[in-house]
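Just follow the structure's listing: the first ligand is 1, and inside any ligand the first atom is 1.
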Amino acid sequence: MHHKAIIIGTGPAGLTAAIYLARANMSPLVIEGIQPGGQLTTTTEVDNFPGFPDGITGPELMDNMRKQALRFGAAIQSGRVKEVDFVHRPFTLFLEDGGQLTADAVIISTGATAKKLGITGESDNIGKGVSTCATCDGFFFRNKKIIVIGGGDTAMEEANFLTRFASEVRVVHRREELKASKIMQAHARGNTKVTWSLDRTPLEVMAGPLGVTGLKVRNNTTGQEEVLEADGIFLAIGHTPNTGFLGGQLPTDELGYLQVIPGTAQTAIPGVFACGDVQDRIYRQAITSAGSGCMAALDAERYLTEHASVEQELQVR
Ligand code: NDP
């Protein structure tokens, strides 16, 4: 089946792109993957999305965006894109169920997945004390003890940020040396509310009926195990942008994030656009994601309009 525009992904970027393209009469088809609504559906309260003075839950926010896209005529189809052909036009998307779709323009908004440790108690307590987003969930840990796991820039930034709420923030890192840039390390080391458990490998998230109680770690030098008390554990061990299905057809940076022409949502292939966390290694917020979704839709609309007029001209000749 052929569509003018297909959007892959239903996080804030994809759904914002859908709202804009639908309102521009481009009848977009949105492919909803295995996590409809994206990462926000795994958070509870969202207090920093403008327009909701009393906050809104992640699932509710995404449901609202979905309804808004549908109201203007976007079509949403569940399925997973497993492969693409961006070499030939129209572009072809191959779905996991064997189906195929073609499109004149494609917007990629497949997001990024926070890396997990894979230790006992981690996945069971996501949203109950284990979080992958300090900006989203830090507020809920006022005067509590928090552990941040990781030694990169994100861990340093999140540790600093979380000291605004927490009584103590402990950074747990698997090596003695931090990976973070010197300046970010200096900020965190200069913060008296940040304490350090370096050279420790996380082994298990400890939890009781009321949620997380601590983190069991192994001291890599002595081999001894200990439990560090905490009410919240923030994972800051990196993200993986969801680009596997592209088979390397679009250029990425060294971390795998899609590259766009700065100030636009245009990838290296005209007619293919990217927005949201799949192309953003720095901000990763719902609002920046939604903003880049709007950019992708406006860029795609312009591309489709120009493309249509070229085709019309060719037909007339
Ligand atoms: P990074 O990949 O840079 O760091 C991940 C950290 O997590 C590393 O210290 C790594 O340990 C640790 N880690 C990874 N896997 C595991 C595991 N299984 N168990 C225990 N620890 C683990 O990710 P970031 O999110 O910190 O940064 C991503 C990019 O974004 C970087 O380029 C960074 O510079 C940039 N960034 C920039 C910011 C800014 O400029 N304001 C803010 C935030 C990010 P090890 O060191 O041993 O590999």
Side-chain angles (χ1 to χ4, degrees), residues 39 42-43 48 111-126 130-138 146-164 169-191 194-206 212 214-221 223-228 230 232-244 251-260 262 274 276-289 292:
Q39 294 179 73
T42 63
T43 63
N48 55 8
T113 306
K115 286 187 193 160
K116 310 276 185 341
L117 294 158
I119 59 175
T120 306
E122 181 188 44
S123 55
D124 299 344
N125 288 293
I126 294 269
V130 175
S131 170
T132 53
C133 176
T135 333
C136 319
D137 298 331
I146 289 179
I147 284 175
V148 173
I149 303 177
D153 283 341
T154 302
M156 300 303 108
E157 193 170 66
E158 300 212 335
N160 264 326
F161 174 76
L162 289 166
T163 59
R164 295 184 199 180
V169 177
R170 178 173 293 279
V171 175
V172 173
H173 178 43
R174 63 184 174 185
R175 293 185 296 128
E176 195 64 54
E177 295 79 36
L178 295 167
K179 181 180 178 187
S181 57
K182 291 284 174 276
I183 179 112
M184 303 285 278
Q185 288 191 36
H187 282 151
R189 288 198 188 275
N191 189 328
V194 177
T195 54
W196 304 86
S197 288
L198 301 179
D199 198 26
R200 305 288 200 284
T201 298
L203 297 177
E204 184 178 345
V205 171
M206 317 298 287
V212 165
L215 179 72
K216 190 194 277 184
V217 296
R218 186 182 52 241
N219 181 320
N220 295 329
T221 308
Q224 272 187 336
E225 293 183 4
E226 60 186 314
V227 174
L228 306 170
I233 296 176
F234 285 77
L235 304 174
I237 59 169
H239 284 76
T240 311
N242 301 320
T243 57
T252 63
D253 67 14
E254 72 284 4
L255 294 177
Y257 289 85
L258 291 181
Q259 287 182 320
V260 291
D277 286 11
V278 74
Q279 53 83 57
D280 172 16
R281 65 194 242 183
I282 306 284
Y283 300 104
R284 302 195 292 248
Q285 298 301 301
I287 187 67
T288 48
S289 199
S292 70

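- In this structure, K115 has no heavy atom closer than 4.0 Å to ligand 1.
- Residue G152 approaches ligand 1 through these ligand atoms, each under 4.0 Å from one of its heavy atoms: 4 (O), 6 (C), 9 (O), 26 (O).
- Looking at atom 8 (C) of ligand 1, its nearest protein heavy atom turns out to be K179 CD, 3.8 Å.
- There is a protein heavy atom closer than 4.0 angstrom to atom 3 (O) of ligand 1.
- Of the protein's non-hydrogen atoms, D153 CB, 4.0 Å is the one closest to atom 38 (C) of ligand 1.
- In L255, the part holding a heavy atom less than 4.0 Å from any atom of ligand 1 is the side chain.
- Heavy atoms of L117 found under 4.0 angstrom from ligand 1 belong exclusively to the side chain.
- P241 is not listed as a side-chain neighbour of L255, based on a closest heavy-atom distance of 4.5 Å or more.
- By the 3.5 Å distance cut-off applied to N or O atoms, R284 is not counted among the residues near ligand 1.
- For atom 10 (C) of ligand 1, the nearest protein heavy atom (residue, atom name, distance) is R174 NH2, 3.9 Å.
- Within the 4.5 Å cutoff, the side chain of N219 has heavy atoms near those of the D199 side chain.
- Among all non-hydrogen protein atoms, the one lying nearest atom 46 (O) of ligand 1 is R175 NH2, 2.8 Å.
- Scanning all protein heavy atoms for the shortest distance to atom 41 (N) of ligand 1 gives E157 OE2, 3.2 Å.
- Contact of the V217 side chain with the L203 side chain is not registered, since no non-hydrogen atoms from C-beta on lie closer than 4.5 Å.
- Looking at T288 and I282, their side chains never come closer than 4.5 Å, going by heavy atoms from C-beta outward.
- For H239, no heavy-atom contact with ligand 1 is shorter than 4.0 Å.
- With sequence neighbours left out, the side chain to side chain contact (heavy atoms under 4.5 Å, CB included) criterion links L198 to H173, E176, L178, R189, W196.
- Atom CG of N242 is separated from atom OH of Y257 by 9.5 Å, given to the nearest 0.5 angstrom.
- With ligand atoms numbered from 1 in the order given, ligand 1 contributes 9 (O), 11 (O), 45 (P), 46 (O), 47 (O) to contacts under 4.0 Å with heavy atoms of H173.
- Side-chain contact check for S123 versus K116: every heavy-atom pair is 4.5 Å or farther apart.
- T120 is not listed as a side-chain neighbour of V205, based on a closest heavy-atom distance of 4.5 Å or more.
- Using a distance-only test at 3.5 Å, with no hydrogens or angles considered, a donor-acceptor pair links the side chain of E122 to the main chain of L117.
- Nearest protein heavy-atom neighbour of atom 23 (O) of ligand 1: G238 CA, 3.8 Å.
- The backbone N or O of R175 sits nowhere less than 3.5 Å from a side-chain atom of N220 that would complete a donor-acceptor pair.
- Checked against a 3.5 angstrom limit, the closest N/O atoms of A155 and ligand 1 fall outside it.
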What side-chain donor-acceptor pairs closer than 3.5 Å can you find for residues 149-157, not counting sequence neighbours?
unit_1: D153; atom_1: OD1; unit_2: S181; atom_2: N; d: 2.8
unit_1: D153; atom_1: OD1; unit_2: S181; atom_2: OG; d: 3.0
unit_1: T154; atom_1: OG1; unit_2: R284; atom_2: NH2; d: 3.4

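- Considering only non-hydrogen protein atoms, atom 39 (C) of ligand 1 sits nearest to M184 CE, 4.1 Å.
- The single protein non-hydrogen atom nearest to atom 43 (C) of ligand 1 is T154 OG1, 3.4 Å, given as residue, atom name and distance.
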